[in-house]
Amino acid sequence: RRNLHLLSHDQVELAKMLLNEGQGHLFEHWPEPGVHDDKKKNFFDQVSRLNSSYPGGLAAYIQNAKKLLADSKAGQNPYDGFTPSVPSGEALTFGDENFVSLEAAGVKEARNAAFVLVAGGLGERLGYKGIKVALPRETTTGKCFLQHYIESILALQEASCKMEGECHTKIPFAIMTSDDTNALTIKLLESNSYFGMEPSQVKILKQEKVACLADNDARLALDPNDKYKIQTKPHGHGDVHSLLYSSGLLEQWKNTGRRWVLFFQDTNGLLFNAIPSALGVSATKGYNVNSLAVPRKAKEAIGGITKLTHADGRTMVINVEYNQLDPLLRATGHPDGDANCETGYSPYPGNINQLILELGPYSEELKKTHGAISEFVNPKYTDSTKTAFKSSTRLECMMQDYPKTLPPTAKVGFTVMDAWLAYAPVKNNPEDAAKVPKGNPFHSATSGEMAIYRANSLILRKAGAQISDPVVSTFNGQEVEVWPRVTWSPRWGLTFKDVKRKVHGNSSVSQRSVLVINGRNVVIDGLSLDGALIVNSVDEAEVKVTGHVENKGWTIQHVDHRDTSEMEESRIRGFKFEKVEQLEVNYTEPGKHCLSP
Ligand code: UGB
């Protein structure tokens, strides 16, 4: 009370709110006015920020926390009353007629889309020093994830506009960062001229952390190193909805004729193989919500898409997070819990957190909820009395929980595709990846890169080219298939139809080969490759690649992840390339060219 004169009117209201919500302990140690006044002001600046960045403000946060902590103490399961069953969704087969026509429908719609990348996570499981979007997607070209994402969006923009006979649409791209990733993400964009995207197309939304909770009464925790600061921790990727709402971006997108919002995560190098067809599904089925899924191995650290039926008749199709699926199944008459069925996979499709939301209904819903997402709390108690925590906790939320508040009339669906085509995240460090049960995906930098080569090789095979079988090799304790290192720029092979048009069946690539295609109009016709070939061309050039190319190529060197003399990017994948010999050709002039060695 004696310190009130230091505060603005709004801050006095915040102080009253905190006292009403049982947070008097925050001020107990405050000395008389004149002592630490700056720190007291800083404290209220932080309280103001915490208040304005949470839908409903800090009072709502504290009240929600009290309820969730009481439920957790009482051992209440959020799925009480619900019975899980296997949902049915759209299952796509790469390359068949349906897939090709959905891709065409998706590309057509892309000019009405906006993309949102959630990239606020620190990647603790990976333990990489930098931001994850700056990691190379593959080390043949060394292009980072963010560059690949931006080039893919630009390729979609170009193809979509061309299809519709217009040239002015710029697809918006929002990136959610956090204090952990914001500065480095902006630096990466600025130092690379936004990878060819117009800077005005990109919007950065920074998520704030939320207050930590010290006990079951939701008393806010003070920072152990600064008694004038509330301790904070990340709130989770679910923040993306409230940020899109509060920034006004959703409304702006709606007013400029956008129809779809596509959310995706930081390190899935295969994702854009799945975007055109999945958007095609949303458009043709009229889904308000469409989640992408892949067959899931039991215990794999990806959520399971599940149909939940409540005793009172309510049903919903929703992600059940990987740590909750097993207990839910065991509690509802499945004694084996999260187990594979006769197909060798869990019957519950794996959520890859790629969501396509129809903007109209989404923005209407957010007008009601302001983007607040169903939350959870995960305190680590000191003992079974559940009266004290080992360390402070906080509320968390996930972006895929958005459909939980939707009415039963909402059209919520999902689309399943092969994992080899659509999903290869980089999340686990080498030690943890090597411990993954045999047969389950590693989700590491090693598997993430090898998956790119496998997918591209399989796509070329499907297009008719002869691609040699892979060899099996072990890097950082992980046994992986090594396919020819084939990679291309998104504007070369955006859809399967594009690839098919540019690859003729009389071409072949040997296992030890490297093939980089970097140019829009490069046609592979009668090429037989045994070595390394890199083709660069300007968009206006038409290049035919034919004949036999043979050279010593690139070799793969093993790298021990503990070897600190190596680059971190090589250590986390367990290998690097030695470029012994290669043929690199550059076509810088428009017109027709032929590479025929
Ligand atoms: N992220 C943020 O932007 N902010 C945050 O506060 C936290 C994360 P993780 P997770 O598809 O592979 C999810 O940590 O949460 C970003 C799904 O919940 O990589 O363990 C972060 O930068 C799970 O159902 O994943 O698991 C990253 O881009 C499953 O689908 C993204 O959020 C799994 O992903 C995901 O964060 C998957």
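Whatever order the structure lists them in is the order used to number ligands and atoms, beginning at 1.
- Only the side chain of N319 comes within 4.0 Å of ligand 1, counting heavy atoms alone; its backbone N, CA, C and O stay farther away.
- For F173 and Y194, the ring centers are positioned 6.0 Å apart or more.
- For K132 (side chain) and A119 (main-chain N/O), no donor-acceptor pair under 3.5 Å exists by modelled atom type.
- Below 3.5 Å of separation, one finds no N or O of M398 facing any N or O of ligand 1.
- Note on ligand 1: F264 sits outside its first shell, no heavy atom being nearer than 4.0 Å.
- Under the 30°/60° scheme for interplanar angles, the aromatic rings of F145 and Y149 are found to be tilted.
- The proximity of P425 to ligand 1, defined as any non-hydrogen pair under 4.0 Å, does not occur for either the backbone or the side chain.
- Near Q207, the atoms of ligand 1 lying under 4.0 angstrom from a non-hydrogen atom of the residue are 2 (C), 3 (O), 4 (N), 5 (C), 6 (O).
- To the nearest 0.5 angstrom, D71 atom CG is 14.5 Å from K66 atom NZ.
- For H148 and F195, the ring centers are positioned 6.0 Å apart or more.
- For ligand 1, the polar-atom distance check against A301 finds no nitrogen or oxygen pair separated by under 3.5 Å.
- Between atom 31 (C) of ligand 1 and the options Q265, R296, M399, the minimum heavy-atom separation is to Q265.
- Close contacts of ligand 1 with G303, meaning ligand atoms under 4.0 Å from a residue heavy atom, involve 23 (C), 24 (O), 29 (C).
- Residue contacts with ligand 1: H235 is placed with no nitrogen or oxygen under 3.5 Å of a nitrogen or oxygen of the ligand (distance criterion only).
- Note that the CG atom of L244 and the CD atom of Q252 stand 11.0 Å from one another [nearest 0.5 Å].
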Practice problem: Tell me, with the steps shown, if S291 and N351 meet side chain to side chain donor-acceptor pair (under 3.5 Å). | Solution: CA-CA 7 Å; S291 330; N351 161 50; 5.2 Å; no

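- Ionic pairing of E365 and K368 is present here: one or more N-O contacts between side-chain nitrogen and carboxylate oxygen are shorter than 4.0 angstrom.
- Counting the atoms of ligand 1 from 1 in the order shown, those under 4.0 Å from a heavy atom of D266 are 21 (C), 22 (O), 27 (C), 28 (O).
- Ring-plane geometry between H235 and Y61 is classed as perpendicular, the angle between the planes exceeding 60 degrees on a 0 to 90 degree scale with a lower cut at 30.
- Distances from atom 29 (C) of ligand 1 to the heavy atoms of N353, T181, N351 show the closest one on N351.
- If you check which protein heavy atom lies closest to atom 7 (C) of ligand 1, you get H237 N, 3.8 Å.
- The distance from ligand 1 to the heavy atoms of E321 drops below 4.0 Å at these ligand atoms: 17 (C), 18 (O), 23 (C), 24 (O), 26 (O).
- Screening K297, K299, R296 for a salt bridge (charged side-chain N to carboxylate O under 4.0 Å, His left out) involving D338 leaves a single residue, R296.
- Proximity of R125 to ligand 1 is established by a heavy-atom distance of less than 4.0 Å.
- Taking only nitrogen or oxygen atoms, main chain and side chain alike, G236 reaches within less than 3.5 Å of ligand 1.
- Ligand-side atoms of ligand 1 in range of G120: 2 (C), 3 (O), 4 (N), 22 (O), range being under 4.0 angstrom from any heavy atom.
- When K427, H443, K209 are ranked by how near their heavy atoms come to atom 25 (O) of ligand 1, first place goes to K427.
- Taking each heavy atom of A422 and A274 in turn, the nearest pair found is CB-CB, 3.8 Å.
- Atoms of ligand 1 lying under 4.0 Å from at least one heavy atom of V118, given by number and element, are 3 (O), 16 (C), 21 (C), 22 (O), 27 (C), 28 (O), 31 (C), 32 (O).
- Among protein heavy atoms, the minimum distance from atom 20 (O) of ligand 1 is reached at Y322 OH, 2.7 Å.
- Ion pairing between K143 and E151 holds under the 4.0 Å rule for side-chain N and carboxylate O.
- In summary, the atoms of ligand 1 found under 4.0 Å from a heavy atom of A119, numbered by their order in the structure, are 3 (O), 22 (O).
- When hydrogens are left out, the protein atom nearest atom 12 (O) of ligand 1 is Y423 OH, 2.3 Å; that is the closest non-hydrogen contact.
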